[in-house]
Amino acid sequence: MKYIISIYILLFSFVLQAQHTSRVLEKDTTKKHLVSTPSGFYMIQDDSLAVDAVNLDEVLLLGPFKFKNRTERRTYLILQRKTRKVWPYAVLASERLTQLNERLNSIESKSKKRKYTRIVQNYIEDEFTEELKKLTKTEGQILVKLMYRQTGETTFDVVKELKSGWKAFWYNTTASLFNISLKETFDPLNVKEDYYIEHILRRSFQKNELNRSEPVIDIDFSKSMKRWN
């Protein structure tokens, strides 16, 4: 993609290396010179390396999406609005589930675990129910996908763990009536819509429009870009 810019963060490392180089040159006036490479700066003396290389991390900056046509532009912009809307819910829900699991691991009694789980369930339902009712079908499905991105589990499995397999089955059946699958995963490499969503998230993080939260699942975004572009 033409708008993807690969850069190296050189400033801080260069300053430190330059300070070190300056001290070395003061003590040794033999012929030495600096050459730059893609991975850092080296001090060269008699065609041999005199100091260690400075390894630098590579950072990808995403430019605006390059649309192939108006239809793709419209699809992307609709997804952008909906993704930004539901993202805070996905992050908050995943944080609550993480806290729940950590707490449950510290409780030995099964009865106390069930009691604590019910308390958290009621808390989550009270916190989210009214807001989630306002979501459209598409927004609900995007939320399900983002929940998988942040937890590594489908919403169906999460409900199954917190409630029961029977209730999870009915929840999924009910959701399917509204074209929402609680078993949906998130796969930017093989699903183009998921690639759009991931691109939207990364661009939004980059522009500080959304709070960054790294995925629990492995996402090879560079490979996804090559496939869909």
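What you see below is based on every heavy atom in this structure, not just the backbone, and it leaves out hydrogens, waters and symmetry mates.
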Closest heavy-atom pair, Pro188 versus Ile219, reported as atoms and distance to 0.1 Å, is CG-CG2, 4.1 Å

When every non-hydrogen atom of Ile142 is compared with those of Leu79, the smallest separation belongs to CD1-CD2, 3.7 Å

>> Can you see whether Ser109 engages Ser111 through a side-chain donor-acceptor pair at a distance of less than 3.5 angstrom?
In response: yes

Ser224 and Glu198: side chain donor to acceptor below 3.5 Å: no

How many angstroms lie between [atom1] in [X] and [atom2] in [Y], if you round to the nearest 0.5 Å?
X: Thr83; Y: Ile78; atom1: OG1; atom2: CD1; value: 11.0 Å
X: Arg96; Y: Leu92; atom1: CZ; atom2: CG; value: 4.0 Å
X: Leu201; Y: Arg84; atom1: CG; atom2: CZ; value: 9.5 Å

Quick one: does any side-chain atom of Trp228 pair with a main-chain N or O of Tyr196 as donor and acceptor, under 3.5 Å? no

Would you find a donor on one side and an acceptor on the other, under 3.5 Å apart, between the side chain of Gln141 and the backbone of Ser181?
yes

Worksheet entry | Salt-bridge contact Lys134-Glu139 (side-chain N to carboxylate O under 4.0 Å) | no

When you measure from the centre of the six-membered ring of Phe65, is the NZ or CZ of Arg203 closer than 6.0 Å and no more than 45° off the axis? no

Axial cation check for Tyr116 ring with Arg103, 6.0 Å and 45° limits = yes

- [ ] Could you tell me how the ring of Tyr76 sits relative to the ring of Phe67: parallel (under 30°), tilted (30 to 60°) or perpendicular (over 60°)?
- [x] perpendicular

Residues at least two apart in sequence or cross-chain that pass side-chain contact (heavy atoms from CB on, under 4.5 Å) with Asn69, listed by chain then number, are Thr71, Glu72

For residues 83-111, the ring-ring contact (aromatic ring centres under 6.0 Å, His included) pairs (sequence neighbours left out) are Trp87-Phe205

